[in-house]
Each structure stands twice: as C-alpha cells, then as structure tokens.
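Sequence lines set the chain letters: A, B, ... in the order given, protein chains first and strands last, and positions in each chain run from 1. Predicted model, so just to flag it, every value in this text is computed and none were measured.
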Amino acid sequence: MIEVKNLKKIFEKEKFLRKEKITVLKGISFKVDREVFGFIGPNGAGKTTTIKIIMDFIKPTSGEVRVFGKNINEVKEKVGFLPERPFIYSSIKGIEYLQFCCDVYGIPYFERKKKISKLLELVDLVGAEEKTISSYSKGMVQRLLFASTLINDPDLLILDEPMSGLDPIGRSIIANVIKDLKSQGKTVFYSSHIIQDVERLSDRVAVIIDGEIKLCDSVSSIVSKYLKGYLITFKENMQLKTEEVKKDHLWMELEKLKSMKCEIVSVEPLRLSLEDIFVKLVKGEGIESSSNSKANS
Amino acid sequence: MKVLPIAKLTAKEVLKEKLFIGVVIVSAIFCVLSYYLSNISAGNNVKIAMDFILSFQFFITAVFAIFMVSGSFHKDLNDKVIYLLYSKPITKVEYLTGKVAGFFSVLTLLSFILFLINTSAILIINKISNLYVPHIILTGRTFIFSLLLTFMGLLLISVVTLFSVSFSSSTLAMLVSFLVFIIGLELSPVKELVTASKLISEVNKIIVKVVTTYFQTFLFLM
C-alpha cells in the first residue's frame, strides 16, 4: 500500500546572510500493508513531514514514496486524508462541505443523501450539518473532516493526529471507525501522540525519533519482546501470596510450588506497555528485552 | 474537471463573509449620502449624484476584489485548507482556475447588486430633483459602467491571484496589487509621453504599449 524508501528531508532556513540546514528525516524506510499502522514519535520527530511527503505536499530531498505502487497523484481517488489541526472555511455549513467533497469525487446525486447521513451518523454529527462551521467546536470540525475523508470509500486512509484535541467520546468515535475500517480490510496509516490508542488499535507501529525509525514491528511482538517476567499468585496454608519470577525461571518456580502442594491461582505476564517502551526510547534509555531481564522475586 | 466544485465552494465562502455584505450596505448608505452631497453642490444635481455614486462603485469594487482574493488565498495557505483540498484529486491548475472562477462569479453578482442599488438611487434622485434626464440614459450609463467594472474586476482578480500565490505575505500581495491598480489608472499620460519622446528606445515603447493595452479597462473608466 505505502512503501517509503530511504526518505531524507533537509530544510534550509535563512539566518542572516547564511543558510542553516536542518535535517528532519535521515533516510527512513518502512512499508505499510493492508493493516492499521501507527506512526508515533515526540514533537518535531518528523511525523508530519513524512506524511506531507507521502501526500506529495512537499518534495523529499532524496528517497522514494510509492502508494499502491504508484505516485500518489495517480491514486488520490483511493486515498482519504485528514491533516493535523484541520480547518475549513467557517462561513459555510457542514453539509455544504460534504456536498463539495461529493462533487469532487463525482458521487451521483441519488447516492449522496444516503451516504452523507450514514457518515454523519458514524461521527455523531446528525443535526449539526445544517449549522455553519463557525458554530462547531474543534472536535466537531475534526469529526466532520474525518467523515469527509470517508466519502469516497477509500482503500487507504492517512490520518495526521486524528485524535488530538478530541474529548474521550470523540476519540472513541474515531477509534471505533478505525476498528470498523480494519474489519473491512482497509489500510489506515496514522500518526498519534496518544500511545494507549495506538497500542489498542494498531497492528503494527513505527517509532520515529529525530528523523530516524527506531522501532518498527507489530504491537504484540514489541510488547512480548519486552516481557520482564511473570507474576504468580498462589495459595499457601490458606493464604494468598504473589511472587515475581524471571521469564526463564517460570517453569522451575511452578514445579517448586507444585511440590510444595500450593494451589496456583494465576500467572500474569509482567511487560512494559508500549508507552513505557516509547518513553524509554525517547529518553535514550536502553530497554531490556525479555532475554536479559531481571525479575524481582 | 474539478473547477466547478472549487468555484462553488469559493463563491459560497466569500458570499457569506462580512466583507461582501458590508460592501453592499456601505454602497447603499453612500447612495443616500450622495443625494445630500449633490444638494449642497452647484450644478446639475443628478449628474453630480451620479458621478459620486459611480466613482464610489469604482473604488469599492477595486477594494473588494483585492481584499476578497488576497484574504481567501491567505486563509487557504495559513490555515492549511490547501492541504485538505490537494489531498483530493484536484490539480494545482484546477484549484487556481476554480478559485478565479468563484471570485469572478461573486464579483459579477456584486456588480449586478450595485447596479440595481445605484440605478434605483439615481432614478429616485432624478425624480426628486425635478430635472428631466431620460431614464434610458441614466440606466444605460450605470449598466455600461457596471459591465466595465466587472471586466476590470476580472483583471484585478487575475493580478491579485498572481501576487497572492507568489508572495508569502498577504499584506505584501495586497500592497503590490493596489500599486499595480494605481499605476494602471495613471498609464494614460505615461503612454502619451513615451510615444511622443524621441529619447525612449523602441523596446521600451513596445513594453509601455503592451502594459497600456492590458490596463485599457482602467483607462476607459477615467
């Protein structure tokens, strides 16, 4: 779906009689297939620049981007895009913007009403479409524009911070739509700051820091890779006790408890959340993977 | 072609802005004021009132065209509306053509509304003043003037569009557009001087001729 190869971007900034070069992307590469792909990184890491290059809003210094194996301008009919901090003319009505999108994609008049009401229902904006956008809250504008990205039934959705500035209900609406798209076999590529949402929704994630991809893998394998150990809960002399053990010592410990005639109540994996891994990567702290972790027992 | 949807969106956006409604209200107020101005002046009341009204229409149309175009482009670029539009299957040429078409349709509508307001005001002043000026002459003059203003508006829209997409600052685009507009108004004596002078080279004479041809509409109105 999206193939990014060795993408570099250097911005030139004028500074009193000299030009300063700022390297924003240092040759990043990744591939997005039919999946929900989360793109995370701290502010200024290069997320929005990458998305702008993918959308062909700005040209890369070097490298290549292919969408559906082609230049994005040839396949824009199949792509939906939501920019960061979306804004649209405040003097028009919500329905007028959706009608404009229908005009652009050449959706026939007889299909429009049904399509628009379905989308408004999806983003919980029924009844607000006849109001001018100036009367909308920030979250409502975001949801309206999110609905407009789905109007052409895109195969690929590129979303730049779709959840930022939304209240928990708005976030849950967008998250549900993303889940729904995933079940339909669509591709969603999105950047976000909200790691819990990324962990919950994404099949795979890429972590970008200082213009470099530090980690790119499936959420489940990242989380299991950084497994610290296990927490065993057991009953001994009618008393409930817990014990933390290293990953390698699990079976040995279980055998020991069995021989002591203890009743094992539960065994829970102790792992770092995606957020912990992300924070450690941003801070430049090394992360101990499961193979060399030390469990506290 | 995605020109029509862009033109429709631009027209809807501009028509609902305060600037458009403000221009119509100010023009109507000026029509009332022109009656009092013509009363305190010596001479043909109807002619004086008409001159006031048409001069004001000329000025307000130019100001509206410059502010409308540079304001709209500024909003598209600064608020990143452009990203939202370019993410759809719209080319840069379609975007610019659609924008210009939208601006021109709004300007045509404004000229028509101002024509109706001005003609009504002039006919009322004509009736109050008890001076006989045939209605067809008054209506004809305001109509032709409105047509010329619409064409001048189109030229101005194209000039401001060019500057708005060339300059990053909307204030700079507006200033340069005003300057070009004023230069266009003052080209008549320049052309006469240049064509009469023997000191000016043929190349420069051609340049001046090309420029004056482009700004011919401004000169018509002088």
Heavy-atom side-chain proximity of A:D103 to B:L4 below 4.5 angstrom: no

For chain B, the option from A:I88, A:V104, A:T149, A:T132 that forms the most heavy-atom pairs under 4.5 Å: A:V104

Neighbour count >12 (heavy atoms, 6.0 Å) for atom CD1, B:I136: no

Separation of A:I92 CD1 from B:T10 OG1 (nearest 0.5 Å): 10.0 Å

Rounded distance (nearest 0.5 Å) linking atom CZ of A:F81 with atom CG of B:L84: 8.0 Å

Euclidean distance, A:F100 CZ relative to B:E13 CD, rounded to 0.5 Å: 11.0 Å

Side chain / backbone / both / neither for B:L85 at chain A, heavy atoms under 4.5 Å: side chain

Check against side-chain contact (heavy atoms from CB on, under 4.5 Å), B:Y83 and A:I51: CA-CA 11 Å; B:Y83 288 154; A:I51 290 178; over 6 Å; no

A:K8 atom NZ, neighbour heavy-atom count above 12 within 6.0 Å: no

Where A:S91 and B:K16 come nearest, the two heavy atoms and their spacing: O-CD, 3.1 Å

More than 12 heavy atoms of other groups within 6.0 Å of A:E121 CD: no

Approximate separation, where rounding is to 0.5 Å, of B:K92 NZ and A:N73 CG: 8.0 Å

Greater than 12 external heavy atoms within 6.0 Å of A:K182's NZ: yes

Engaged part of B:K12 at the chain A interface, taking heavy atoms whose separation is under 4.5 Å: both

A:I58 CD1: over 12 foreign heavy atoms closer than 6.0 Å: yes

Residue part contacting chain A, namely of B:K88, when any heavy atom lies under 4.5 Å: both

Over 12 foreign heavy atoms within 6.0 Å of CZ, B:F178: yes

Proximal component of A:L145, with respect to chain B [non-hydrogen, under 4.5 Å]: side chain

Distance-only polar pair, side chains of A:Y89 and B:D76, donor-acceptor under 3.5 Å: yes

Greater than 12 external heavy atoms within 6.0 Å of B:F143's CZ: no

side-chain contact (heavy atoms from CB on, under 4.5 Å) evaluation trace for B:S87 with A:K76: CA-CA 7 Å; B:S87 68; A:K76 272 188 180 169; 5.8 Å; no

Neighbour count above 12 (heavy atom, 6.0 Å) for A:F11 CZ: yes

